[in-house]
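Quick note: residue numbers are just sequence positions, from 1. Fair warning: this is a prediction, and the values are worked out from it, not measured in the lab.
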Amino acid sequence: MAAVEFSHVSCTGAVCSCFLLAVAYVGSLYAWKSDLPRDHPATVKRRFVGVLLVTLLAPLYLWLISNDSADPQGPHLLQWLGLQTQGFLLASTLPLLLTMLLFLGPIAMCLTDGSCYSPITRGMMYIKYRYRDVLWLRNFIVAPFTEEFVFRACMLPLLIPCLGPGLAVVVCPLFFGVAHIHHVFERLKTGDQSVKVIWMLTMFQFSYTTVFGAYTAFLFVRTGHLIGPYFCHAFCNEMGFPNFGDVFTGSKLRAVLLSVLYVAGLVLFLVFLWPATQASLYSNSTYKWT
């Protein structure tokens, strides 16, 4: 496969291309007009078709606007997209373990109160019920993969040549955060909450999806692989946003132990964040961020 590059794409062109990809992704969710709620199986299946089509067309768009690289040994399109076999094993495990460190407190709380419901268990239920659990498919397969592919793998190759890896990791997730604002219309449609509450929830969702997008963009650039960000995305979908208030329910001893684990998890995560994502561990020669 021939080496390609995107250094000829201006910053304006890169940002416009990312905006186009984001609009295409969100627009595909509303390609079929329906009065059914977003979690209805018929709605979910229709949206599968839309986002999968965008996921297939996005790399074609990148290929069309790419140039042949002056370096014949440079990265080819699949490498830009984080699809490569070298370093795959570590790329599929280390970033997930790193993310689990960050969630050390929530994992401990989940285990102690018996509320854990692992993706593996959900997967077994999915198989048992003959592929009828479309919400499991959406939350752990389709949404994490297509979002990481379109919003990270297809945008970062365009942004990094003009912005550099550091700034690209900051700018890229803004498209991801804004892409979640469309949920405000679905909440307004149901009428279950006041407009003020809906906008507060939407701004909160924009904030944490942007921060999370920055983290998975960081993982993508540092490792050069898509698999790690995908696994981390699916894991975080399972865990949800930590409920810090639950730490202080129950006995004082439980509250102290969980608080220690929350802090320890954050500290260990920060300590290992950079060394555990060294490019050399993953044979990452596509994105150089030292």
Side-chain angles (χ1 to χ4, degrees), residues 13-66 77-78 80-83 122 126 129-159 171-193 195 198-199 201-206 208-210 212-213 216-217 220 226 229-230 233-234 236-237:
V15 170
C16 288
S17 293
C18 292
F19 179 75
L20 175 64
L21 290 171
V23 169
Y25 189 94
V26 175
S28 72
L29 301 176
Y30 298 94
W32 288 275
K33 186 177 180 181
S34 174
D35 294 326
L36 297 172
R38 67 185 295 267
D39 288 339
H40 191 282
T43 303
V44 174
K45 290 175 183 177
R46 288 170 182 164
R47 290 184 169 186
F48 280 177
V49 176
V51 298
L52 290 173
L53 181 60
V54 172
T55 303
L56 290 173
L57 293 177
L60 176 60
Y61 174 73
L62 258 67
W63 177 73
L64 289 173
I65 66 174
S66 68
L77 183 60
L78 292 182
W80 282 111
L81 296 173
L83 303 174
R122 291 181 187 272
Y126 174 70
Y129 293 109
R130 301 187 181 187
Y131 311 99
R132 284 180 286 185
D133 190 354
V134 293
L135 295 183
W136 182 89
L137 259 182
R138 180 190 67 187
N139 295 339
F140 300 109
I141 304 293
V142 178
F145 178 78
T146 57
E147 288 177 356
E148 291 304 319
F149 189 82
V150 174
F151 288 92
R152 251 67 79 187
C154 291
M155 291 187 183
L156 285 165
L158 298 172
L159 294 171
V171 172
C172 185
L174 294 175
F175 296 101
F176 184 59
V178 170
H180 283 77
I181 292 180
H182 73 94
H183 289 303
V184 70
F185 303 109
E186 296 176 340
R187 293 187 177 115
L188 287 170
K189 187 176 179 180
T190 60
D192 296 334
Q193 299 165 315
V195 174
I198 289 173
W199 278 108
L201 288 172
T202 301
M203 290 302 100
F204 176 71
Q205 187 176 29
F206 165 77
Y208 79 72
T209 51
T210 300
F212 174 76
T216 56
F220 181 85
L226 177 65
Y230 160 66
H233 195 144
C236 290
N237 277 1

A.B. asks: Once ring pair (Phe, Tyr, Trp, His ring centres under 6.0 Å) is applied, do any residues pair with Phe204, and if so which ones, sequence neighbours excluded?
C.D. replies: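 For Phe204, the residues satisfying ring pair (Phe, Tyr, Trp, His ring centres under 6.0 Å) (neighbours in sequence not counted) are Tyr208, Phe241.
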A.B. asks: Quick test of your reading: applying ring pair (Phe, Tyr, Trp, His ring centres under 6.0 Å), list the pairs with at least one residue in residues 20-54, sequence neighbours left out, ordered by first then second residue.
C.D. replies: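 Applying ring pair (Phe, Tyr, Trp, His ring centres under 6.0 Å) to every pair that reaches into residues 20-54, excluding sequence neighbours, yields Tyr25-Phe151, Tyr30-His182.
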A.B. asks: To the closest 0.5 Å, what do you measure between CG (Leu83) and CZ (Phe149)?
C.D. replies: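 If we round to the nearest 0.5 Å, Leu83:CG and Phe149:CZ are 5.5 Å apart.
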A.B. asks: For Phe175 and Phe19, which heavy atoms make the closest approach, and how far apart are they?
C.D. replies: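 Here Phe175 and Phe19 meet closest at CE2-N, 3.7 Å.
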A.B. asks: Show, in sequence, the C-alpha distance, side-chain angles and deciding distance for Phe206 and Thr202, and conclude whether the side-chain contact (heavy atoms from CB on, under 4.5 Å) test is met.
C.D. replies: CA-CA 6 Å; Phe206 165 77; Thr202 301; 5.6 Å; no
A.B. asks: CG of Leu159 to SG of Cys18: how many Å apart, nearest 0.5 Å?
C.D. replies: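 Spacing of CG (Leu159) from SG (Cys18) equals 4.0 Å.
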A.B. asks: Heavy atoms, side chains only, cut-off 4.5 Å: are Met155 and Val171 in contact?
C.D. replies: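 Met155 vs Val171: side chains apart.
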A.B. asks: Checking side-chain contact (heavy atoms from CB on, under 4.5 Å) for the pair Leu52/Thr146: CA distance, chi angles, key distance, verdict?
C.D. replies: CA-CA 7 Å; Leu52 290 173; Thr146 57; 4.0 Å; yes
A.B. asks: Sequence neighbours excluded, which residues qualify as side-chain contact (heavy atoms from CB on, under 4.5 Å) partners of Pro144?
C.D. replies: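 Residues passing side-chain contact (heavy atoms from CB on, under 4.5 Å) with Pro144: Tyr230, His233, Ala234, Asn237.
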A.B. asks: What are the two closest non-hydrogen atoms of Gly177 and Thr209, and how far apart are they?
C.D. replies: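 Reported closest heavy-atom pair: CA-OG1, 3.6 Å.
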A.B. asks: Among residues at least two apart in sequence or on other chains, which ones pass side-chain contact (heavy atoms from CB on, under 4.5 Å) with Leu56?
C.D. replies: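 Expected list: none.
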A.B. asks: Could you measure the distance from the CG atom of Leu158 to the SG atom of Cys16? Nearest 0.5 Å is fine.
C.D. replies: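 Taking CG in Leu158 and SG in Cys16, the distance rounds to 11.0 Å.
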A.B. asks: Do you know which two heavy atoms are closest between Pro37 and Thr43, and how far apart they sit?
C.D. replies: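 So the minimum-distance heavy-atom pair works out to O-OG1, 3.0 Å.
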A.B. asks: Which of these passes side chain to side chain contact (heavy atoms under 4.5 Å, CB included) with Ser28: Leu53, Val54, Val23, Val49?
C.D. replies: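 Of the listed residues Leu53, Val54, Val23, Val49, the side chain to side chain contact (heavy atoms under 4.5 Å, CB included) partner of Ser28 is Val54.
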A.B. asks: Kindly compute the distance separating CZ (Arg46) from CG (Leu29), expressed to the nearest 0.5 Å.
C.D. replies: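 One gets 13.5 Å once the value is rounded to the nearest 0.5 Å.
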A.B. asks: Which atom pair, heavy atoms only, marks the closest approach of Pro157 to Cys154?
C.D. replies: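 So the minimum-distance heavy-atom pair works out to CD-C, 3.8 Å.
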A.B. asks: Of all heavy-atom pairs between Leu62 and Ala153, which one has the smallest distance, and what is that distance?
C.D. replies: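 Smallest heavy-atom distance, with atoms named: CD2-O, 4.4 Å.
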A.B. asks: Quick one: which residue pairs count as a side chain to side chain donor-acceptor pair (under 3.5 Å) with a foot in residues 48-66, not counting sequence neighbours?
C.D. replies: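 The answer is Ser17-Tyr61.
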A.B. asks: Can you measure from SG (Cys236) to CG (Asn139) and round to the nearest 0.5 angstrom?
C.D. replies: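 One gets 13.0 Å once the value is rounded to the nearest 0.5 Å.
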A.B. asks: Quick one, Trp136 and Ile141 - any side-chain contact, counting heavy atoms below 4.5 Å?
C.D. replies: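 Counting from C-beta outward, Trp136 and Ile141 do come under 4.5 Å.
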A.B. asks: Keeping to residues at least two apart or across chains, list the salt bridge (Lys or Arg N to Asp or Glu O under 4.0 Å) pairs with something in residues 54-64.
C.D. replies: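 Listed by first then second residue: nothing to list.
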A.B. asks: Distance check, rounded to the nearest 0.5 Å: Glu148 atom CD versus Phe220 atom CZ?
C.D. replies: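 The CD atom of Glu148 sits 9.5 Å away from the CZ atom of Phe220.
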A.B. asks: If every non-hydrogen atom of Leu21 is compared with every non-hydrogen atom of Ala58, which pair is closest and at what distance?
C.D. replies: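 Looking at all heavy atoms of both residues, the shortest contact is CD2-CB, 3.9 Å.
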